[in-house]
Amino acid sequence: MAAKSNKFHLKIPSQTDNLEIIRDFVAKIARKVGFNEDDINKIELAVDEACTNVIKHAYDNNSKNPIDITIQIDYQKLTILVTDKGKGFDPTKLKTPDLQEYLAEMRVGGLGIYLMKNLMDEVEINSKPGKGNQVRMVKYLDKGDAPPPQAANSS
Amino acid sequence: MAAKSNKFHLKIPSQTDNLEIIRDFVAKIARKVGFNEDDINKIELAVDEACTNVIKHAYDNNSKNPIDITIQIDYQKLTILVTDKGKGFDPTKLKTPDLQEYLAEMRVGGLGIYLMKNLMDEVEINSKPGKGNQVRMVKYLDKGDAPPPQAANSS
Amino acid sequence: MDGFEVQRKISNDVVILNLKGYLDAHTAPQLEKALQTCIDQKEYKIIINFENLSYISSAGLGVFMGFIEEIRQHGGDLKFSNMNPKIFRVFDLLGFPNLFEIFDDERDALNKFNSK
Amino acid sequence: MDGFEVQRKISNDVVILNLKGYLDAHTAPQLEKALQTCIDQKEYKIIINFENLSYISSAGLGVFMGFIEEIRQHGGDLKFSNMNPKIFRVFDLLGFPNLFEIFDDERDALNKFNSK
Ligand SMILES: Nc1ncnc2c1ncn2[C@@H]1O[C@H](COP(=O)(O)OP(=O)(O)O)[C@@H](O)[C@H]1O
Ligand SMILES: Nc1ncnc2c1ncn2[C@@H]1O[C@H](COP(=O)(O)OP(=O)(O)O)[C@@H](O)[C@H]1O
């Protein structure tokens with residue numbers, strides 16, 4: 001199915017009990033656009049991670065401030081923007097999580113952004129300390145259907 | 001479950017293939033707030049009718065103009081606003097549908113607003129010809145749980 | 001794919017349309033097409049079985065309103081069967097039971113056609 | 001109601017936690033509580049059975065990270081079983097298979113505990 005150019009916009013209170021509604025909403029749009037179930041799962045999880053960060057970090061848990069989610073469909077491309085007006089952060093200070101090191105430090109977390117980057121085709125983080133944050137994620141429709149390069153070679 | 005004060009906002013292209021997403025979204029919020037399945041069905045249908053009108057009448061089918069849906073939860077009350085910037089109409093000219101007359105006139109339609117008014121506790125239509133329309137619908141959380149007056153009397 | 005389907009079945013001279021999924025402004029044109037096909041083939045005795053329909057809006061009800069006159073003018077009828085309470089309520093709210101015969105079971109609707 | 005549930009079962013000295021539904025930032029505190037109960041009761045041999053879990057986010061994975069050190073310091077372990085491919089992918093992406101033993105079946109995890 002060819003995706004039409006289309007924009008969906010959702011504003012929803014920054015509370016963990018809304019994560020399920022957000023995931024279902026995003027999944028339904030992705031399914032309608034024609035993504036396979038595997039890609040739908042990835043998109044759902046990436047959006048969950050971005051929204052969980054807004055709830056936990058931007059607004060310090062269960063505030064009534066809104067999470068702003070925009071989904072744009074342009075032909076073969078799904079673009080998702082997750083925007084908050086929370087405290088922001090410096091994304092250049094993030095490092096790839098090292099689980100062994102985490103264990104040693106008894107640290108929990110730091111996995112969300114790493115997951116987003118692995119699940120989506122493009123991830124951009126645009127943070128303004130004190131003003132808020134925007135995560136921009138893109139998934140291409142045709143990539144999921146093509147076999148991965150290795151599989152194509154070995155067959 | 002006590003409903004918290006909460007606001008949800010959805011902006012979605014004015015196309016019939018989005019009605020299912022809209023219904024699911026509204027149903028999920030109504031379920032979370034604590035409405036019973038019967039009331040959830042009524043709310044879903046009332047919102048579908050309001051949005052179908054936006055798609056068909058305000059924007060003349062399948063435009064990319066957005067339908068704007070706001071859901072506000074205040075303790076025992078769910079308020080839904082369905083807003084468009086389409087052509088508007090004069091709601092005082094509406095009459096209660098008479099199916100026999102319809103048949104005679106071979107007319108189809110005019111059922112949507114009548115349904116909304118029967119399904120919800122309050123319905124207000126605010127139309128500005130040439131500028132757009134807003135339907136405001138309210139459903140109270142506790143009403144659904146109490147038996148209707150007749151049933152209470154006869155038992 | 002669209003969440004709606006019409007299955008067609010024939011019993012003697014009666015056509016039975018089995019509706020599945022949800023019937024709203026998006027899927028109503030599919031039902032319209034199925035009914036137009038009946039009319040084009042001069043099949044005027046029609047039963048709509050709602051057993052597998054999970055949702056209906058006024059856009060769906062409008063389709064029946066749009067065809068009933070023509071069907072009856074040709075000596076036929078549109079009879080409904082197997083509505084769950086959720087679907088029935090919508091018909092009931094709009095006064096459809098005064099205009100259409102609604103049967104608990106497809107067989108009852110069929111018998112009514114055959115007994116004429 | 002919340003779409004998540006932890007069922008607790010005991011087999012000799014091994015606690016088996018059966019997860020059901022979705023495990024995200026909203027439901028992770030429920031899992032945390034169930035694991036804290038084990039620790040409080042000095043139950044350090046724990047199997048997490050994922051058979052009925054349909055979704056997990058990093059908030060869920062973080063819970064295991066938060067308990068594993070303490071459990072191992074007491075000579076216990078946290079072993080995983082019955083992950084469907086969707087759940088396994090999340091663990092795999094984050095390198096969890098290097099840190100935790102993952103078994104196809106609950107019985108295999110149980111045997112591993114008992115063979116020690
Ligand atoms: N929307 C946001 N607002 C403010 N800070 C954020 C936001 N998103 C992420 N961060 C910061 O980036 C860090 C890494 O995020 P992430 O990789 O998701 O891991 P975690 O949330 O588990 O700490 C967070 O700990 C937080 O400091
Ligand atoms: N959002 C809207 N914008 C413009 N006109 C509207 C809108 N909603 C309703 N109307 C007008 O009100 C009439 C009655 O609406 P309704 O009762 O839903 O029946 P139907 O849509 O089947 O005609 C419509 O035919 C249309 O002229």
Side-chain angles (χ1 to χ4, degrees), chain B residues 12-24 26-27 36-62 67 96-120 123 144, chain C residues 1-5 19-33 35-36 39 50 53-74 76-78 80 83-102:
Chain B
I12 189 163
S14 169
Q15 297 169 194
T16 55
D17 61 341
N18 287 330
L19 288 170
E20 193 190 1
I21 293 179
I22 294 169
R23 289 195 302 267
D24 286 350
V26 172
N36 60 40
E37 285 305 307
D38 204 51
D39 278 343
I40 293 170
N41 291 337
K42 290 181 183 175
I43 295 167
E44 245 185 297
L45 178 53
V47 172
D48 175 325
E49 296 293 341
C51 293
T52 297
N53 279 351
V54 175
I55 299 168
K56 283 204 294 189
H57 302 303
Y59 295 136
D60 294 322
N61 282 304
N62 289 328
I67 310 176
T96 303
D98 177 333
L99 289 190
Q100 299 290 357
E101 191 185 303
Y102 273 33
L103 272 192
E105 299 175 12
M106 295 282 273
R107 231 201 94 178
V108 177
L111 310 176
I113 292 174
Y114 179 82
L115 265 183
M116 287 179 228
K117 290 188 173 164
N118 271 281
L119 296 164
M120 301 296 279
V123 176
Chain C
M1 182 75 222
D2 264 344
F4 179 69
E5 221 179 287
L19 311 189
K20 203 174 152 183
Y22 62 86
L23 179 55
D24 64 4
H26 189 57
T27 59
Q30 280 170 258
L31 174 61
E32 222 162 84
K33 219 172 116 187
L35 281 170
Q36 191 57 54
I39 307 279
F50 289 85
L53 195 76
S54 57
Y55 178 83
I56 193 164
S57 76
S58 74
L61 276 74
V63 175
F64 302 121
M65 293 296 290
F67 282 100
I68 185 63
E69 277 295 274
E70 183 171 3
I71 288 168
R72 286 188 181 153
Q73 275 163 7
H74 286 90
D77 199 17
L78 206 51
F80 299 148
M83 285 186 190
N84 69 43
K86 177 180 159 187
I87 301 285
F88 177 74
R89 175 172 53 209
V90 186
F91 280 88
D92 196 34
L93 270 175
L94 293 171
F96 272 63
N98 291 327
L99 274 184
F100 293 90
E101 278 192 295
I102 302 177

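Here is how names work: the chains are called A, B, and so on, in the same order as the sequence lines, proteins then strands, and each is numbered from 1.
- Contact tally against chain C (heavy-atom pairs below 4.5 Å) for N118(B), L115(B), L119(B): the top residue is L115(B).
- Of the atoms belonging to F64(C), not a single heavy atom falls under 4.5 Å from chain B.
- With contacts defined as side-chain heavy-atom distances shorter than 4.5 Å, the pair L19(B)/Y22(C) does not qualify.
- Nearest heavy atom pair, residue Y114(B) against residue L93(C), reads CE2-O, 3.3 Å.
- For the atom pair K42(B) NZ and R89(C) CZ, the distance stands at 4.5 Å (nearest 0.5 Å).
- Chosen from E37(B), K56(B), E49(B), R23(B), the residue pairing most often with chain C at heavy-atom distances under 4.5 Å is R23(B).
- Taking CG of N41(B) as the reference point, atom NZ of K86(C) lies at 4.0 Å (rounded to 0.5 Å).
- Using a 4.5 Å cut-off between heavy atoms, N18(B) does not touch chain C at all.
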